[in-house]
Amino acid sequence: DMKSKRTSIALLCLVTVFGFSFCKGPVKENGEFRPSKQQRAEDAIKSWMFENYEYPDYKPIVFGQVNARYERSERTLQLMTMIEKKENEDGGKGHTAEVDSLKTLLEQNLGELLGYTILHKFSITNLAGEPVETECLFLLDTLFRVASVLNPEEFDLILTEKVFYRVEQ
């Protein structure tokens, strides 16, 4: 009926406006347009996938948000521990100003940029000739080149594994 059609059109317009507000296209830098980090990461992955024979009939579906990876130093680990400790004291009440200043300090002391991570869902053809959807975690270097690709089993293993930091003897 007419009401559901109007609702669908309104929803479509809303989603489109919402989508455009979060899409960062090329950024103007020193008078010239440069693609955003997100765009550079997506382009690098697409070209790498198309050139790679391990992924037959590659079709991109969706990309996650690109995230910078930094080397953790003693200082960043110390700040992260302090933030966690303050947030867990009294359920985090009464320490918000202190936590905010520690988080600001952490942002100023991120460490050396190692590269970027981004989740990517895509479709390939399996050995039986059927299309299969999969999602992988891509690790990119600082120049947005694909350094390694982790399948869901590999990154689940990493995420569920408890990592203990200890000072080298």
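The analysis underlying the following values was restricted to heavy atoms, covering all of them including side chains, and did not include hydrogens, waters or symmetry mates.
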Query raised in the report: Is there a path from Phe122 to Phe50 through hydrophobic residues (I, L, V, M, F, W, Y) whose side chains come within less than 4.5 Å of each other?
Result: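 Yes: a chain of side-chain contacts under 4.5 Å links Phe122 to Phe50.
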**Report entry** Co-membership, hydrophobic cluster, residues Leu119 and Met49, 4.5 Å side-chain
**Finding:**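 Unlinked, Leu119 and Met49 end up in two clusters.
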Check the surroundings of atom [atom1] in [X]: do more than 12 heavy atoms from other residues, nucleotides or ligands lie under 6.0 Å from it?
| X | atom1 | value |
| --- | --- | --- |
| Glu135 | CD | yes |
| Leu127 | CG | no |
| Lys37 | NZ | no |

Side-chain contact, heavy-atom cut-off 4.5 Å: [X] with [Y]?
| X | Y | answer |
| --- | --- | --- |
| Ile124 | Glu54 | no |
| Tyr116 | Phe138 | no |
| Ile83 | Leu106 | yes |
| Val146 | Ile45 | yes |
| Val149 | Leu137 | no |
| Met82 | Gln78 | yes |
| Thr76 | Leu110 | no |
| Met80 | Lys103 | no |

Taking atom [atom1] of [X] and atom [atom2] of [Y], what is their separation to the nearest 0.5 Å?
| X | Y | atom1 | atom2 | value |
| --- | --- | --- | --- | --- |
| Leu79 | Glu74 | CG | CD | 12.0 Å |
| Leu102 | Thr81 | CG | OG1 | 11.0 Å |
| Leu114 | Leu140 | CG | CG | 12.5 Å |
| Leu113 | Arg69 | CG | CZ | 8.5 Å |

Please list every donor-acceptor pair under 3.5 Å in which a side-chain atom of residues 55-64 meets a protein atom from a residue at least two apart or in another chain.
unit_1, atom_1, unit_2, atom_2, d
Asp57, OD2, Thr125, OG1, 2.8
Tyr58, OH, His120, NE2, 2.7

Report task. Locate the shortest heavy-atom distance separating Ser47 from Ala44; write the atom from each residue and the value. Result ->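 Heavy atoms only, the tightest pair is OG-O, 3.2 Å.
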Query raised in the report: So which heavy atom on Ala68 is nearest to which on Tyr70, and how close?
Result: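 So the minimum-distance heavy-atom pair works out to CB-CE1, 3.6 Å.
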Query raised in the report: Side chain of Asn88, backbone of Glu84: donor and acceptor closer than 3.5 Å?
Result: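 Judged by distance alone, yes, a pair lies under 3.5 Å.
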Query raised in the report: Will you find, in the side chains of Gln38 and Glu42, an N or O donor that is under 3.5 Å from an N or O acceptor?
Result: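 Present: a donor and an acceptor within the cut-off.
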Query raised in the report: Under the salt bridge (charged side-chain N to carboxylate O under 4.0 Å, His left out) rule, what pairs show up with a residue in residues 112-129, not counting sequence neighbours?
Result: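 As it turns out, the salt bridge (charged side-chain N to carboxylate O under 4.0 Å, His left out) pairs with a partner in residues 112-129, which skip direct neighbours, are Lys121-Glu133.
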